There are 2 protein chains.
Amino acid sequence: MKKVKGDTQIIAPFQSHKHDHEQCVADALAAAEICCKKEGLSFTPLRRLVLELVWSSHGPIGAYDILEKLRDSRRNAAPPTVYRALDFLMEHRLIHRIESLNAYVGCGDPERHHGGQFLICRDCHAVAELDDKAIGRAVSRRADALGFDVQQQTVEVIGLCAECTAETSNG
Amino acid sequence: MKKVKGDTQIIAPFQSHKHDHEQCVADALAAAEICCKKEGLSFTPLRRLVLELVWSSHGPIGAYDILEKLRDSRRNAAPPTVYRALDFLMEHRLIHRIESLNAYVGCGDPERHHGGQFLICRDCHAVAELDDKAIGRAVSRRADALGFDVQQQTVEVIGLCAECTAETSNG
DNA sequence: ATTCCTAGTGTTATAACATATCATATATTC
DNA sequence: GAATATATGATATGTTATAACACTAGGAAT
C-alpha cells in the first residue's frame with residue numbers, strides 16, 4: 001500500500017477490493033510502533049493486537065466483534081479489555097470512532113493531526129478518511145457567522161464507493 | 001418564535017436562553033399536525049406526546065429520558081413505546097437523531113427537506129440546525145472526485161454557542 | 001352483523017454498546 | 001527491593017435499541 005501525502009486532503013483513500021491488505025495491516029502496525037515510541041507510550045501486546053483487529057478490514061468494526069476475535073488468543077477478555085485498548089488507541093489517534101455506527105476504524109495517518117471526515121460505503125463497508133479543508137472551512141465560516149466556537153467536527157457520509165457503484169451497475 | 005425562511009440556510013437558530021419556549025413547542029406541534037394531515041398520517045396522542053417531550057428543550061434528549069417522562073402519563077410505557085414513536089417521527093422528518101449523542105432533537109422545519117447539519121452547544125446543550133449549501137457542496141465535490149455516490153450526510157459540530165461563550169467570558 | 005384486515009399499542013425478553021469498581025500483576029523509578 | 005505508577009483481570013451494572021408475539025380498535029367487504 002502506498003500513501004500519498006503532502007497537500008492532498010485525502011488521509012486514506014478507498015482501496016481496491018483486491019488490494020494486498022496484509023501490507024496495510026503491517027504498515028499500520030509499523031506506524032503505530034513509531035508513533036508510540038516517539039511519544040514514549042507503551043504499545044503493549046494487547047493494544048497491538050486490538051489495533052490489528054481493528055485493521056482486519058478497512059471497514060468499521062464494533063467493540064464486541066473485536067472482543068470475539070480477541071478471545072481466540074485471550075480466552076478471558078471482557079468488554080473493558082477491549083474498551084481500554086480502544087480508548088488508548090483513540091487517545092493517541094491510531095483509530096477513529098464512527099459515531100453513526102458505534103464502531104471503530106484504523107486511522108490512515110496517525111502522524112498527522114486531523115479531524116474526523118469519513119466516506120463510508122454502504123455496500124463493502126470500506127471507509128475513506130478525509131481532511132478536506134473546504135469542508136472544514138465551510139463549517140467554520142457558518143459557525144463563525146453565528147458566533148459559535150467550534151471544538152470538534154464529526155462528518156460522516158454514507159453512500160456507495162466507486163468500485164461498488166461499478167459492480168452494482170455492471171450486474 | 002419567528003422563523004426566517006427563504007434562502008437562509010439556517011433551519012433553526014440558537015434561541016436566547018430566556019426565549020418563550022412554550023411557543024416553540026406549540027409551533028412545533030402545530031407544524032406536525034399540518035404535516036401529518038397533509039400526508040394522511042395518523043398523528044396519535046402517543047406520537048404527539050413523544051414529540052412534545054422531544055421538544056421539551058432545544059437540546060437532544062435520550063430515548064430513555066423520554067421514556068421516563070412519558071411514564072408520568074402512561075404508566076406502562078416501555079422502550080418500544082418510545083422507539084416506535086421516535087421511528088415514526090424520524091421517518092416523517094419531525095425529529096432528527098444526533099448520532100454522536102445517541103439522542104433526538106425536534107426538527108426546526110419539517111416542511112422543508114434537508115440533510116442533517118447540527119451545531120451542538122456543549123454547555124447549554126442547545127442545537128442549531130443548518131442546511132448550509134456550502135458545506136453540502138464541499139462534501140459533494142470531494143465525494144464526486146472520488147466517484148463516491150453520497151446517500152446521506154451527517155455533520156455534527158460540537159462547541160460553544162455565542163450566548164454561552166459570552167456568559168463564560170463574563171464570569 | 002360478521003368476518004377480515006390493518007395500524008397502533010402493550011408486554012416481555014433480549015441484543016448491542018459502554019462503564020464503574022475493585023483486585024491483581026507488571027514495569028519503572030528511586 | 002520498596003514505592004509508585006501503569007496495565008490488565010474480573011465481576012457487575014448501566015445505557016441504548018430491537019425482536020417477537022399478543023391484543024385492541026376501527027374501517028372495508030361481504
Side-chain angles (χ1 to χ4, degrees), chain A residues 32-33 36-37 39-54 59-92 94-105 120 125 154 156, chain B residues 32-33 36-37 39-54 59-92 94-105 120 125 154 156:
Chain A
E33 297 271 15
C36 289
K37 183 159 283 180
E39 303 183 37
L41 306 170
S42 75
F43 192 49
T44 66
L46 175 62
R47 290 165 177 175
R48 185 189 166 86
L49 184 49
V50 170
L51 180 59
E52 191 173 346
L53 292 173
V54 170
I61 182 172
Y64 279 72
D65 291 335
I66 294 170
L67 178 56
E68 200 178 335
K69 293 188 181 187
L70 186 60
R71 280 181 166 149
D72 289 349
S73 54
R74 301 204 161 216
R75 285 240 322 288
N76 4 342
T81 314
V82 171
Y83 281 102
R84 283 192 286 231
L86 291 174
D87 285 347
F88 171 88
L89 296 170
M90 295 244 287
E91 191 176 345
H92 301 295
L94 297 168
I95 62 173
H96 296 285
R97 176 177 160 81
I98 305 295
E99 298 292 347
S100 58
L101 299 173
N102 295 328
Y104 305 82
V105 70
I120 305 159
H125 304 118
T154 301
E156 296 174 6
Chain B
E33 297 270 17
C36 289
K37 183 160 280 179
E39 302 182 39
L41 306 170
S42 75
F43 191 49
T44 65
L46 175 62
R47 288 165 177 175
R48 185 189 167 85
L49 184 49
V50 169
L51 180 59
E52 194 173 344
L53 293 173
V54 169
I61 183 172
Y64 280 73
D65 292 334
I66 294 170
L67 178 55
E68 200 179 334
K69 293 188 181 189
L70 187 60
R71 281 180 168 149
D72 289 349
S73 55
R74 300 206 161 215
R75 286 240 321 290
N76 4 342
T81 314
V82 171
Y83 280 102
R84 284 192 285 232
L86 291 175
D87 285 347
F88 172 87
L89 297 170
M90 295 244 288
E91 191 176 344
H92 302 296
L94 298 168
I95 62 173
H96 297 285
R97 177 179 160 79
I98 305 295
E99 299 292 347
S100 57
L101 299 174
N102 295 327
Y104 304 82
V105 70
I120 305 158
H125 304 118
T154 300
E156 296 174 5

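None of the values given here were measured: they were computed from a predicted structure. Just so it is clear: chains get the letters A, B, ... in the order the sequence lines come, proteins before strands, and each one is counted from 1.
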Practice task
For A:Y104, answer base if it contacts any base atom (sugar-phosphate contacts may also be present), sugar-phosphate if it contacts only those atoms, and nothing otherwise; contact means non-hydrogen atoms under 4.0 Å.
Solution key: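 Result for A:Y104 = sugar-phosphate.
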Practice task
Verify the distance criterion only: is there a donor paired with an acceptor across the side chains of A:E99 and A:T154 at less than 3.5 Å?
Solution key: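 Note: A:E99 and A:T154 side chains miss the donor-acceptor criterion.
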Problem - Polar side chain donor-acceptor pair, A:R97 to A:N102, under 3.5 angstrom - result: yes
Could you give the distance from [atom1] ([X]) to [atom2] ([Y]), rounded to the nearest 0.5 Å?
X	Y	atom1	atom2	result
B:L70	B:L46	CG	CG	6.0 Å
B:R71	B:L67	CZ	CG	4.0 Å
B:H125	B:I98	NE2	CD1	12.5 Å
A:I95	A:I66	CD1	CD1	6.5 Å

Exercise for the section: Nearest-nucleotide wise, let me know which of B:N102 and B:P45 is further upstream toward the 5' end of DNA chain C. Expected result: B:P45
Handout entry: Contact interval (first through last nucleotide) of DNA chain C with protein chain B, 4.0 Å heavy-atom
Key =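 Going 5' to 3' along DNA chain C, contacts run C:dG8 to C:dT12.
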Handout entry: Proximity to DNA chain C (any heavy atom under 4.0 Å), residues of residues 73-89 of chain B only
Key = B:R74, B:N76, B:A78, B:P80, B:T81, B:R84
Practice task
Kindly give the heavy-atom pair with the smallest separation between B:V82 and B:A63, and that separation in Å.
Solution key: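 Minimum heavy-atom contact is CG1-O, 3.6 Å.
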Practice task
Assign each of A:S42 and B:L101 to its nearest nucleotide of DNA chain D by heavy atoms, then name whichever residue's nucleotide is nearer the 5' end.
Solution key: A:S42
Problem - Any side-chain heavy-atom pair of A:C36 and A:F88 under 4.5 Å - result: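 In short, these two side chains touch, coming nearer than 4.5 Å.
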